[in-house]
Amino acid sequence: MTPAPVIIAIDGRSGAGKTTLAIELAATLRNHHKVSMFHLEDIYPGWDGLSAGIERYVTTVLAPLSRGEAATWVSWDWENHTDGDPRVTLPAEIVIVEGVGAAAAAARPLLDAVIWADSPDGERRTRALARDGETYGPFWDQWAGQEAELLAADDIPQHAHVRVLNRADGTAPAGALQALTYLPALTTALVPELSSRRGLRLLSERIEASPDPAELFRALYGTSANAVWLDSSLRPAGAGRETPAAERSRFSILADDGGTFGQSVLHSSGVTRVTAGCATASVSGPFFRWLETVWGRRAVRGPEDYPCEFALGWLGYLGYELKRETGGRDVPADTPDAGLIFAGRGVVLDHTDNTVWLLALDAPDAADWLAQARDAVTAAPEAGGSNDVVLPAATAALPAGATPPAFAGRDSEVGYKRKIAEAQHQIAEGNSYEICLTTTLAAEVSALDPWAAYLALRRRNPAPFASYLRFGGLTVASTSPERFLRIASDGGMRAEPIKGTRRRAADPDTDAALRHDLATSLKDRAENIMIVDLLRNDLSHFAEPGSVTVSRLCEIESYATVHQLVSTIDAFLLPGSPRAEAVAACFPAGSMTGAPKISTMAILDRLEEGPRGVYSGAIGYFSLNGATDLAVAIRTLVVQDGGQGEKVRLSLGVGGAITADSVPQDEYEEIRTKAYGVLSTLGSTFPE
């Protein structure tokens with residue numbers, strides 16, 4: 001008896017390409033493993049024998065193979081319609097079983113992985129008849145009825161670890177194998193395949209140019225279903241180039257999930273779905289644990305003299321509801337809890353040196369993409385000057401003559417103030433020191449162009465951590481000024497919380513008075529210092545002892561629509577620490593919860609009575625060199641397109657820190673101030 005093999009089942013309706021997928025997948029796996037195969041069509045007892053064939057397969061084939069024993073089974077003679085010769089299938093390191101019902105309920109306890117192959121109905125019939133000729137033609141409907149009956153009683157696709165849309169274009173085997181490497185049950189068996197995934201070489205080109213980033217993004221990724229633009233839209237000029245905000249605004253990153261290495265990820269309620277080409281793997285378990293497996297170790301180094309920490313990797317957002325993994329309660333949201341793309345190629349704009357870096361992982365399609373990107377950079381118009389200006393309200397995101405969105409609040413003014421009073425009661429009872437109370441504004445419109453909306457937002461409210469994320473029908477348009485957490489490739493850590501906000505005024509004297517009021521406010525300073533203490537604690541979990549320092553405390557930074565009170569906390573990551581866990585230790589941002597974090601999040605769940613979704617989470621990248629830079633998802637419009645005939649849903653989260661001496665009216669005015677930049681851009685007003 002040999003050791004028990006890893007058994008992979010490939011299931012799907014007839015004509016979905018299961019046999020070809022199994023043969024090609026086995027051929028690839030044989031580069032590093034001993035592989036045996038079993039085809040269920042060899043054991044079905046006739047055209048009415050689907051159920052009986054599954055029973056035979058489980059008892060005489062799958063059961064012994066799962067024990068590492070040879071399987072002796074009776075074949076079916078399709079020509080004479082009777083039992084045929086006995087046959088033997090030997091166990092191997094990996095066994096692939098394929099056919100309708102290969103992953104039926106009775107089989108699943110004996111399987112390590114299930115692949116469900118699918119294709120459009122018309123394509124399936126054409127393939128099946130082309131393969132088996134006229135012998136199958138008279139029995140197609142008869143067999144299809146048995147398949148339908150099986151799937152009505154046993155929803156096999158819902159139990160699949162990997163789903164493959166097999167279009168018979170040759171991409172299915174590579175996509176399926178890539179997806180299989182994400183399954184924990186196969187991690188040991190697929191060590192050679194995992195090693196090759198980490199053996200990456202980075203190609204790069206440096207171009208002296210300063211293209212308009214919006215035009216470049218549109219040229220390269222305007223038609224991409226999934227794309228990310230981490231857009232440092234703030235362009236300080238002159239002396240402003242030396243400010244901390246300018247340091248945060250130096251680089252913009254543009255990428256999609258195209259090419260050989262491209263992937264996308266959506267995580268919801270404990271399940272991470274990774275799509276590689278035509279295949280999607282579903283991995284159950286905590287998101288941050290999954291992130292550590294794909295990001296936590298250094299895979300590449302940046303090019304020589306390359307000043308940016310991003311060296312390709314994962315980009316996107318982490319939603320607030322991931323707090324379920326960091327001490328918070330489980331609150332379902334109507335948007336994915338995380339959305340990422342893996343960029344195997346991308347563009348980095350250096351706004352200080354006026355250069356463009358083209359980055360690509362070495363692959364057969366890398367040279368063509370580099371040429372395409374080079375041409376796009378050359379063709380793009382040159383970028384303008386500083387964007388740090390206040391423009392009139394823009395409604396280009398809406399069709400001509402359309403009425404601006406009418407937002408409704410989750411809380412009325414009276415209701416929000418009542419929650420402020422309850423928050424202060426919790427503080428008086430000693431359950432919290434500071435509570436970041438938020439609410440949500442939502443609207444529905446018949447049509448809205450998310451791209452145009454974002455361009456209007458970035459013109460009106462430029463910010464160092466502005467970003468535009470597109471995941472199919474979900475768009476995130478953010479003008480965040482706040483860094484959540486940066487971990488450099490060498491382990492340097494930095495958090496820059498914002499607590500304390502005043503509106504900007506057109507009159508210089510009034511604007512200066514508002515700035516002075518913020519600078520001298522004991523309440524706002526206390527809010528900020530409490531969050532600084534919280535973040536010092538968060539960073540210390542994975543920092544070298546003694547490395548946590550506060551380099552800036554309660555300094556004013558001014559943006560197009562607000563003045564903000566900002567602090568900076570630095571530390572150094574303890575060598576060997578899991579980087580994804582270091583991010584988790586700080587998540588969600590303390591500036592969006594309050595202190596102490598865990599008990600305050602529980603209070604917020606009761607008070608807010610609904611999920612925050614993307615808002616209050618983080619937006620940024622996880623680079624292949626081990627670096628990450630994440631912004632807090634504030635000043636962020638979330639757009640969900642329900643599809644043809646459905647209205648477009650808009651949501652905007654706003655909030656503020658409540659302390660014992662908060663004045664309810666002032667707190668309410670603060671959330672109006674924070675919402676102004678986004679609402680006014682859409683021509684909307686704060687709901688009354």
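Note that this is a predicted model, so its numbers are computed, not measured.
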Regarding [X] and [Y], is there a side-chain donor-to-acceptor distance under 3.5 Å anywhere?
X	Y	result
His267	Glu321	no
Ser616	Arg612	yes
Ser119	Asn166	no
Ser623	Glu309	no

If the threshold is 4.0 Å, N to carboxylate O, is there a salt bridge linking [X] and [Y]?
X	Y	result
Lys323	Asp605	yes
Lys597	Asp538	yes
Asp257	Arg470	no

What is the minimum heavy-atom distance between [X] and [Y], and which atoms define it?
X	Y	result
Leu65	Ile7	C-CD1, 4.2 Å
Ala363	Phe261	CB-CE1, 3.7 Å
Ala106	Val58	O-CG1, 3.8 Å
Val164	Ala172	CG1-CB, 3.8 Å
Met37	Ala22	CE-CB, 3.5 Å
Asp490	Phe572	O-CZ, 2.6 Å

Answer yes or no: is there a side-chain heavy-atom contact under 4.5 Å between [X] and [Y]?
X	Y	result
Leu186	Thr181	no
Leu165	Arg167	yes
Arg329	Met601	no
Ile156	Gln158	no
Val228	Asp256	no
Leu25	Leu177	yes
Val265	Val294	no

Nearest 0.5 Å, what's the [atom1]-[atom2] distance between [X] and [Y]?
X	Y	atom1	atom2	answer
Leu358	Leu203	CG	CG	11.0 Å
Asp48	Gln142	CG	CD	4.0 Å
Arg345	Asp365	CZ	CG	5.0 Å

Kindly indicate, with the supporting measurements, whether the criterion side-chain contact (heavy atoms from CB on, under 4.5 Å) is fulfilled by Tyr621 and Leu230. CA-CA 9 Å; Tyr621 67 74; Leu230 301 182; 4.0 Å; yes
Between Val100 and Leu50, does the side-chain contact (heavy atoms from CB on, under 4.5 Å) criterion hold? Intermediate values first, please. CA-CA 8 Å; Val100 180; Leu50 178 56; 3.9 Å; yes
Can you confirm if the aromatic rings of Trp295 and Phe622 lie within a centre distance of less than 6.0 Å?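 Yes.
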Begin with the C-alpha distance, continue with both residues' side-chain angles, and end with the deciding distance and a verdict on side-chain contact (heavy atoms from CB on, under 4.5 Å) for Leu40 and Glu98. CA-CA 6 Å; Leu40 267 72; Glu98 70 84 16; over 6 Å; no
Please step through ring pair (Phe, Tyr, Trp, His ring centres under 6.0 Å) for the pair Trp76 and Tyr44, ending with a clear verdict. CA-CA 7 Å; Trp76 181 254; Tyr44 301 128; over 10 Å; no
Surrounding [atom1] of [X] (heavy atoms of other residues, nucleotides or ligands, distance under 6.0 Å), is the total greater than 12?
X	atom1	result
Arg30	CZ	yes
Glu544	CD	yes
Arg289	CZ	no
Glu149	CD	no

Main-chain N/O of [Y] paired with [X] side-chain donor or acceptor, under 3.5 Å:
X	Y	answer
Glu325	Phe288	yes
Tyr306	Phe310	yes
Glu147	Ser14	yes
Thr60	Arg56	yes
Asn80	Thr82	no

Just distance, no hydrogens or angles: give the donor-acceptor pairs under 3.5 Å from side chains in residues 274-283, sequence neighbours left out.
residue, atom, partner, partner atom, Å
Thr275, OG1, Thr280, OG1, 2.8

Test log, rule salt bridge (Lys or Arg N to Asp or Glu O under 4.0 Å), inputs Asp154 and Arg108: CA-CA 11 Å; Asp154 181 6; Arg108 287 197 291 272; 3.1 Å; yes
Residue of the set Asp11, Leu151, Val114 for which side chain to side chain contact (heavy atoms under 4.5 Å, CB included) holds with Pro157: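 Only match with Pro157 under side chain to side chain contact (heavy atoms under 4.5 Å, CB included): Leu151.
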Classify the ring geometry of Tyr57 against Phe38: parallel below 30°, tilted from 30° to 60°, perpendicular beyond 60°.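 Judged by the thresholds at 30° and 60°, the geometry between Tyr57 and Phe38 is parallel.
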What orientation do Phe484 and Phe587 show, parallel under 30°, tilted 30 to 60°, or perpendicular over 60°?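 Plane angle over 60°, so perpendicular.
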Would Leu62 and Leu111 count as a side-chain contact (heavy atoms from CB on, under 4.5 Å) if you check the C-alpha gap in whole Å, the side-chain angles of each, and the deciding distance to 0.1 Å? CA-CA 9 Å; Leu62 196 54; Leu111 302 172; 4.0 Å; yes
